[in-house]
Amino acid sequence: MTKTRVLTGITTTGTPHLGNYVGAIKPAIAASQDPSVQSYYFLADLHALIKCQDPRRIQESRLEIAATWLALGLDTDNAIFYRQSDIPEIPELTWMLSCVCAKGLMNRAHAYKAAVAENEAAGNQDPDKGITMGLFGYPVLMAADILMFNANRVPVGRDQIQHIEMARDIAGRYNHLYKGQYFTLPEAQVDERVEVLNGLDGRKMSKSYNNTIPLFVSEKKLLKLVRKIKTNSLEPGEPKDPETCTLFQIFSAFATVDQTAELRTEYANGIGWGEAKNRVFELLNEQLREPRERYQALMEDPGHIEQVLLKGAERARAEAAPLMESLRHAAGLGRFV
């Protein structure tokens, strides 16, 4: 049976939080356990250099994210889990793809256009002020990530669909120029059911808003953060609307159907905000206790994480190296004998 190839990149500039878990990590880990799917999960640390030039932060984030995914049950026997920077074939492929990619295609990239628009709005004479080649060309690096393993599907948010379309354009151009089916044309996989959690202030949970609840903070810190979640001024005994409540949204993302229904009834009966926050804390703490312990053990044993990632890189390179050999040959860069 031919397995469907699904590839997911994981950004490495922040600490994983509840929103990351519900929206991306949980469904991805479930997919990693599907025997009909060959999953590729990688720490996108080369991408991280575009936005972050703090070596310590990138190093810490890579370790935290790897430990998080392993603590939450990523099946590294089925899935291939690796660091992008451990696959030297990826930057080589990026250059080869750059040489067939039209600059006009990159000019239309959303991130680049947004940066130019910001410069123009600020009155800068140079519309490219502060824009690096990393930012300008990162869709080509993303294409290399995808095409290196001939992924059939790439789970993305709607804001990333353009990059999958660019990868298809670049792949098609390469196949046409060098007269072969070297690359599979990937499809964007957009799950409309993916839940977006709100943060402490009621806006989308995001490190850019500084409103996140990190996944593996201590019990004491978790309770403190839950108590900071913004609520309205309704008193105990007054009915409350669960549909507009961040507390209820977070609770239902982790609760069973019955638990959610029970809390919904209590909202109608006027549960106090203090009690509602206690319910949220107790549920989160119960569900995160065991993975938190595994996470702490992994963080204290970086050597184990290193071995897991190196094993993943070895498996990834076993596929990447032969492909690059054929691509070099196609482009006239193969060995003479």
Side-chain angles (χ1 to χ4, degrees), residues 10-30 56-57 59-74 195-232 234 236 240 242 245-267 271-305 308:
I10 309 160
T11 54
T12 58
T13 55
T15 299
H17 54 71
L18 297 186
N20 297 143
Y21 173 68
V22 171
I25 302 175
K26 186 178 179 181
I29 286 177
R56 184 174 140 191
R57 183 69 208 115
Q59 184 78 331
E60 287 176 349
S61 180
R62 294 193 310 163
L63 184 64
E64 290 171 353
I65 289 168
T68 295
W69 283 67
L70 293 174
L72 290 168
L74 180 66
E195 191 161 2
V196 177
L197 283 193
N198 290 337
L200 302 177
D201 57 3
R203 293 182 293 176
K204 173 187 173 182
M205 191 176 291
S206 170
K207 65 180 185 293
S208 61
Y209 295 147
N210 195 31
N211 67 351
T212 66
I213 300 177
L215 261 174
F216 296 131
V217 290
S218 65
E219 287 191 25
K220 185 176 180 180
K221 179 69 172 176
L222 178 61
L223 178 58
K224 184 176 179 180
L225 287 170
V226 169
R227 285 180 173 162
K228 287 175 67 175
I229 294 173
K230 186 178 179 181
T231 54
N232 58 37
L234 290 173
K240 298 167 179 66
C245 178
T246 296
L247 277 172
F248 188 85
Q249 185 209 31
I250 293 174
F251 184 91
S252 60
F254 287 83
T256 64
V257 172
D258 288 345
Q259 287 173 320
T260 302
E262 181 182 336
L263 187 61
R264 185 181 295 276
T265 300
E266 296 200 40
Y267 265 63
I271 188 173
W273 289 129
E275 176 60 23
K277 289 180 177 182
N278 286 340
R279 297 287 184 87
V280 172
F281 164 72
E282 288 163 7
L283 179 68
L284 291 176
N285 195 47
E286 177 188 347
Q287 293 206 10
L288 296 175
R289 182 179 288 111
E290 288 187 12
R292 183 197 295 137
E293 291 172 358
R294 291 195 294 270
Y295 173 81
Q296 293 298 342
L298 285 162
M299 289 294 287
E300 292 169 10
D301 187 9
H304 174 73
I305 297 175
V308 170

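None of these values were measured; they are calculated from a predicted model. Side chains included, hydrogens not; waters and symmetry mates left out as well; all remaining heavy atoms used.
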Original post:
Nearest 0.5 Å, what's the CD1-CG distance between I305 and L63?
Top reply: 4.5 Å
Subject >> Nearest-0.5 Å distance that lies between atom CZ in F216 and atom CZ in R294 >> reply: 8.0 Å
Original post:
Are side-chain heavy atoms of K26 and V22 found at a separation under 4.5 Å?
Top reply: no
**OP:** Please determine if E293 and R289 form a salt bridge, counting it only when a charged side-chain N lies under 4.0 Å from a carboxylate O.
**Re:** no
Original post:
Roughly how far, to the nearest 0.5 Å, is the CD1 atom of I25 from the CD1 atom of I10?
Top reply: 7.5 Å
Subject >> R203 atom CZ, over 12 foreign heavy atoms within 6.0 Å >> reply: yes
**OP:** Mind jotting down which residue pairs meet the side-chain hydrogen bond (donor to acceptor under 3.5 Å, both in side chains) criterion with at least one end in residues 15-24? Sequence neighbours excluded, please.
**Re:** T15-R57, T15-E64, H17-N20
Subject >> 4.5 Å side-chain heavy-atom contact, V226 and I229 >> reply: yes
**OP:** Specify the closest pair of heavy atoms between A67 and M299, including all atoms of both residues, with the distance to one decimal.
**Re:** CB-SD, 3.8 Å
Original post:
Roughly how far, to the nearest 0.5 Å, is the CZ atom of F251 from the CG atom of L284?
Top reply: 9.0 Å
Subject >> Distance-only polar pair, side chains of T11 and T13, donor-acceptor under 3.5 Å >> reply: no
**OP:** Check the side chains of R62 and Q59 for a donor-acceptor pair under 3.5 angstrom, ignoring hydrogens and angles.
**Re:** yes
Original post:
Would you say the side chain of I213 lies within less than 4.5 Å of the side chain of L197, judging by non-hydrogen atoms?
Top reply: no
Original post:
In Å and rounded to the nearest 0.5 Å, what is the CG to CD1 distance from L72 to I29?
Top reply: 4.5 Å
**OP:** Return the minimal non-hydrogen interatomic distance between S206 and T212, and the atom names on each side.
**Re:** C-CG2, 3.4 Å
**OP:** Say whether, by atom type as modelled, one donor and one acceptor occur between the side chain of Q249 and the main chain of V196 under 3.5 angstrom.
**Re:** yes
**OP:** Mind listing the closest non-hydrogen atom pair of L247 and Y267 along with its distance?
**Re:** CB-OH, 3.7 Å
Subject >> 4.5 Å side-chain heavy-atom contact, L263 and I271 >> reply: yes
**OP:** Would you please test R292 and V217 for side-chain contact (heavy atoms from CB on, under 4.5 Å) and show each step?
**Re:** CA-CA 8 Å; R292 183 197 295 137; V217 290; over 6 Å; no
Subject >> Heavy-atom closest pair, residues S61 and G14 >> reply: OG-O, 2.9 Å
Original post:
For the residue pair L234 and N232, what are the closest heavy atoms and their distance?
Top reply: N-OD1, 3.1 Å
Original post:
Is there side-chain contact between F281 and L225, with heavy atoms separated by less than 4.5 Å?
Top reply: no
Original post:
Would you say K277 has more than 12 foreign heavy atoms packed within less than 6.0 Å of its NZ?
Top reply: yes
**OP:** Rounded to the nearest 0.5 Å, what's the gap from OG1 on T256 to CD on E262? Could you check?
**Re:** 8.5 Å
Original post:
Are the side chains of N211 and K204 in touch, meaning some heavy atoms are under 4.5 Å apart?
Top reply: no
**OP:** Identify the two heavy atoms, one from P16 and one from T68, that lie closest to each other, and give their separation to 0.1 Å.
**Re:** CG-OG1, 3.5 Å
Original post:
Any side-chain heavy atom of R279 sitting closer than 4.5 Å to one from Q259?
Top reply: no
